[in-house]
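Scope of the values below: all heavy atoms of this structure, side chains included, with no hydrogens, waters or symmetry mates. A note on names: the letters A, B, ... follow the listed sequences, proteins ahead of strands, and every chain is numbered from 1.
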Amino acid sequence: MNTTAAQSSPTGEAGPLSTARTGDIHLWTRTLIPTTREAPADATTPSHVYLVRAGFIRQLAAGVYDYLPLAWRSLRKIQEIVRQEHERIGAMEMLFPAMEPVSLLKQTGRDKAYGDDLFTLQDRHGRDIALAPTHEEPIVEMMKGAITSYKQLPLSLYQIQTKFRDEPRPRSGLLRCREFIMKDAYSFHLNQQGEGGLDVAYDHFYDAYTRIFTRCGLTFTAVEAESGPIGGSASHEFMVHAESGEDKVLVCPASGYAANVEKAEIGERAWSFDGEAAQELKKHHTPNMPGIEGVAQHLGTNAAGMLKTIVFERVLSDPSKTKYVLAVVRGDHDVNEGKVRDAVGSGVKLADEAQAKADGLAIGYVSPSAFAKLTGATIVVDPDAAQGGTAWATGADEMDHHVTGWHWGRDLGYEVERLKVADIRNAEAGDPSPRAVGSTLQVQRGIEVGHIFKLGTKYSDAMEFKVLAEDQKPRAVTMGCYGIGVSRTMAACVEMSHDENGIVWPAAVAPYHVEIILMKAEDEKQKKIASELAQKLAERGADVLIDDRNERPGPKFKDADLIGIPVRLTLGDKALDAGGVEFKLRKDTGKGEVVAFDSVIDRCISALETA
RNA sequence: CAGGGUGUAGCUCAGCUUGGUAGAGCACCUGCUUUGGGAGCAGGAUGUCGCAGGUUCGAAUCCUGUCACCCUGACCA
């Protein structure tokens, strides 16, 4: 067999206009596929276990992985799909540096926004350099110098590149890395609405993302999301359904509404401060009880019987004038900072603990009663906490003490009139749907593989990126940005598609389409047939891996299942005597079937096309 | 960052309590046999016991420090 590892144009010299693609043919013994029988001790997630065991990746440091030949082939296929779909919506590919001056990030304040997540270093002159976590600043910097007129808009640019984020806790193999491959795109517009506007481009990217993840064989949902440190208005996350996913998505089966847990709205809930006090207010000594569950138990109730008061402060231009915002939720609920922000109509952050204590707030033991003693403060109450008929357990506004029998009307008095009631907590399974009366939200776990944002002029304002509009006046450029975690997408494919024997690759992202197993690697006849089959498959565009190792059948079949190539052809005496080869799809269980030589190529191709 | 855990051969791990100078299985190399779902026999090679100090006649083992990695949470395009 003369098959070489480096297969290119089989028909002749490749000229400058010839980039004809035909399939690759690689020999197992001439590439590197270090499969292992046992999983590394520290791998717990399926994609991590199988990508390591199947010889796709190896870990170099926490959240830093080598991509071995198989992984790189899959990644390139994902990248190719990404390129084709970006090409389709008219986005142009380019490449930015991986490093950028920290001073650039200071212009938008994102050096602080990213904080310790930013990898930084100093060059020989002592200049601070960051390894880019994303590229809004460099692209705006470049565009500022490159375009000056509205006539050059709209424009969409993208790149596929390694990104760096010093995650506090990398985990789950490729799902959460400190160095990872990302596709990031940026669009530029004169306006948000109308022809050539951001809204149009956003929809195009939304559609492109839908096609990309569909082509990758993923089951996913596009959910409404918070924009996080990237900023901006509208935002959607593309979430692959997977148990190992870190993100929680709330969905309403009746309306199709789907949103990230940080963003999900909750439907109407009944609330009222009316109702008589049923119990006496009683103080309890509760020292050294970390966790609301412990306190609740001590007080003879549960977390749902308690009120939790979180102290925020408004983000003001004059930081010396602290204005507190008390957010009250039921003890078993979590306050959602974004919803608090929306409810009070200004930016908020958790109050500085030392300052709050100096102002008389017993952090950790605050009750809604504290509101009566504060001047200029705001209080927002979640509907589930705004129940006047309940005798609540809550803090005693005194260190190491709680109270039971607390009552809104009796214990906050006339202040009840000044209470604001709003949805300020994270949604949970079973909450009423915001879009369909009578329906409840359900929780799904997901892996975020894509995220798109309408940035508006956040970055162009900060960096003074303007173009001249038709009215001859300078106008800040409206932007969108669009990211796909390429390496994470590969891992998501494995999370979605595997069985107890290994990976089951969707054909579009499989490192090879067909694996040919030689039962007797030394047998000249088998080698010749394998070579001929591979050649024909390659001419039809299929990538072929030939397992030519001089191994016994057992390990070869086990490895074939492990690395998960969609189509398997086995060349052995059994099938050869019957006048063909054994054909089996990875996703099918049981034995394969013998298919005659003259029809097996068509069979392979059609199986791949319908996969 | 808080809490928990682990570092011994390429991989998975035992040995540590009670100190005496390094082990198993798999993988690897050689030979023979074997060849349709992780073969058998025989022989062989493989270690700075994470690192640095300390105690001791003697440390993988005890003590101190330190580094790395994993898990839960916090955090997070």
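A:Lys558 places its NZ atom 14 Å from the P atom of B:A27, with the value rounded to the nearest Å. Atom-to-atom, CD of A:Glu515 to C1' of B:G37 comes out at 13 Å; the value is rounded to the nearest Å. Rounding to whole angstrom units, CG of residue A:Asp559 and P of B:G38 are separated by 12 Å. The distance between atom CG of A:Leu60 and atom P of B:C69, rounded to the nearest whole Å, is 10 Å. Rounding to whole angstrom units, CZ of residue A:Arg37 and P of B:C26 are separated by 8 Å. If you take CG of A:Asp42 and C1' of B:A68, they are 12 Å apart, rounded to a whole angstrom. Atom pair A:Asp334:CG and B:C75:C1' shows a separation of 14 Å (rounding to whole Å applied). What separates CG of A:Asn550 from P of B:C32 is a distance of 13 Å, to the nearest Å.
Residue A:Gln59 is classed as a sugar-phosphate contact, given heavy-atom separations below 4.0 Å to backbone atoms only. At the heavy-atom level, A:Arg58 lies nowhere under 4.0 Å from the strands shown. Using a 4.0 Å heavy-atom criterion, one finds that A:Ala185 contacts no nucleic acid atom at all. Contacts of A:Lys163 with the nucleic acid, taken as non-hydrogen atoms under 4.0 Å apart, include base atoms. Residue A:Glu246 is classed as having no contact, given no heavy-atom separation below 4.0 Å to the nucleic acid. Residue contacts shown for A:Ser172 are limited to sugar-phosphate atoms, with no base heavy atom under 4.0 Å away. Within 4.0 Å of A:Asp184, counting heavy atoms only, lies no atom of the nucleic acid at all. Within the 4.0 angstrom heavy-atom criterion, no nucleotide atom of any strand lies near A:Ala43.
Ion pairing between a basic and an acidic side chain is recognised when a charged N comes within 4.0 Å of a carboxylate O; A:Glu237 and A:Lys263 show no such pairing. A:Asp199 has a carboxylate O that lies under 4.0 Å from a charged side-chain N of A:Lys454, or vice versa, which qualifies the two as a salt bridge. A:Lys308 and A:Asp382 are not joined by a salt bridge, as no carboxylate oxygen comes within less than 4.0 angstrom of a charged side-chain nitrogen. Under 4.0 Å is where a charged nitrogen must lie from a carboxylate oxygen, and between A:Arg330 and A:Asp332 at least one such pair does.
Closest to the A:Phe557 side chain, of the nucleotides B:G37, B:G25, B:G38, is B:G37. Closest to the A:Arg552 side chain, of the nucleotides B:U34, B:G38, B:G37, is B:U34. The nucleotide whose nearest atom lies closest to any side-chain atom of A:Leu562 is, among B:U12, B:G38, B:C70, B:G38. With B:C69, B:U12, B:G37 as the choices, the nucleotide that has an atom nearest any side-chain atom of A:Pro40 turns out to be B:U12. Of the candidate nucleotides B:U35, B:C11, B:C69, B:C11 has the atom nearest to the side chain of A:Glu38. Here B:A39 is the nucleotide among B:C69, B:A39, B:C71 with the atom lying nearest to any side-chain atom of A:Pro555. Listed nucleotides: B:G37, B:C75, B:C11. Nearest to the side chain of A:Arg171: B:C75.
Base pairing of B:C1: its partner is B:G73, meeting the Watson-Crick or G-U wobble criterion (both donor-acceptor distances under 3.5 Å). In this structure B:U17 sits in no base pair that meets the Watson-Crick or G-U test at under 3.5 Å. Using Watson-Crick or G-U wobble geometry with both donor-acceptor distances under 3.5 Å, B:U56 finds no partner in any strand shown. Nucleotide B:A45 forms a pair with no other nucleotide shown, judged by Watson-Crick or G-U wobble geometry with both contacts under 3.5 Å. Nucleotide B:G7 has B:C67 as its partner under the Watson-Crick or G-U criteria, with both atom distances under 3.5 Å. When both pairing distances are held under 3.5 Å, B:A22 makes no Watson-Crick or G-U pair with any nucleotide shown. Across every strand in view, B:G37 sits unpaired, with no contact that passes the Watson-Crick or G-U test at under 3.5 angstrom.
B:C26 and B:C69 are spaced 32 Å apart, taking the P atom of each and rounding to whole Å. Annotation: B:C11 and B:G4 have their C1' atoms spaced 25 Å apart (nearest Å). The same atom, P, is picked in B:G10 and in B:G19; the two are 29 Å apart, to the nearest Å. For the P atom pair drawn from B:U6 and B:C63, the interatomic distance equals 14 Å after rounding to whole Å. Between B:C28 and B:C71, the distance separating the two P atoms is 29 Å to the nearest Å. Nucleotides B:G3 and B:U18, compared at atom P, are 28 Å apart to the nearest Å. B:U12 and B:U30: their P atoms are spaced 25 Å apart (whole Å). The P atoms of B:U17 and B:U64 are separated by 15 Å, rounded to the nearest whole Å.
Note: A:Phe453 and A:Tyr186 fail the aromatic proximity criterion, with ring centroids not under 6.0 Å apart.
Among residue pairs with one or both ends in residues 52-68 of chain A, none qualify as salt bridge (charged side-chain N to carboxylate O under 4.0 Å, His left out); sequence neighbours excluded.
Judged by closest nucleotide on RNA chain B, A:Thr36 is the one of A:Thr36 and A:Phe180 placed further toward the 5' end. Comparing A:Thr44 and A:Glu167 against RNA chain B, the residue whose closest nucleotide sits nearer the 5' end is A:Thr44.
One cannot find a donor-acceptor pair under 3.5 Å joining the base of B:G38 and the side-chain atoms of A:Arg549.
Looking only at atom types and distance, the side chain of A:Glu262 has no donor-acceptor partner in the side chain of A:Asn336 under 3.5 Å away. Residues A:Thr162 and A:Glu179 have side chains that never bring a donor and an acceptor to within less than 3.5 angstrom of each other.
Contacts of A:Phe180 classified as ring-ring contact (aromatic ring centres under 6.0 Å, His included), with partners at least two apart in sequence or in another chain: none.
Listed pair A:Arg169 / B:A74 fails the phosphate criterion, with no side-chain N or O lying under 4.0 Å from OP1 or OP2.
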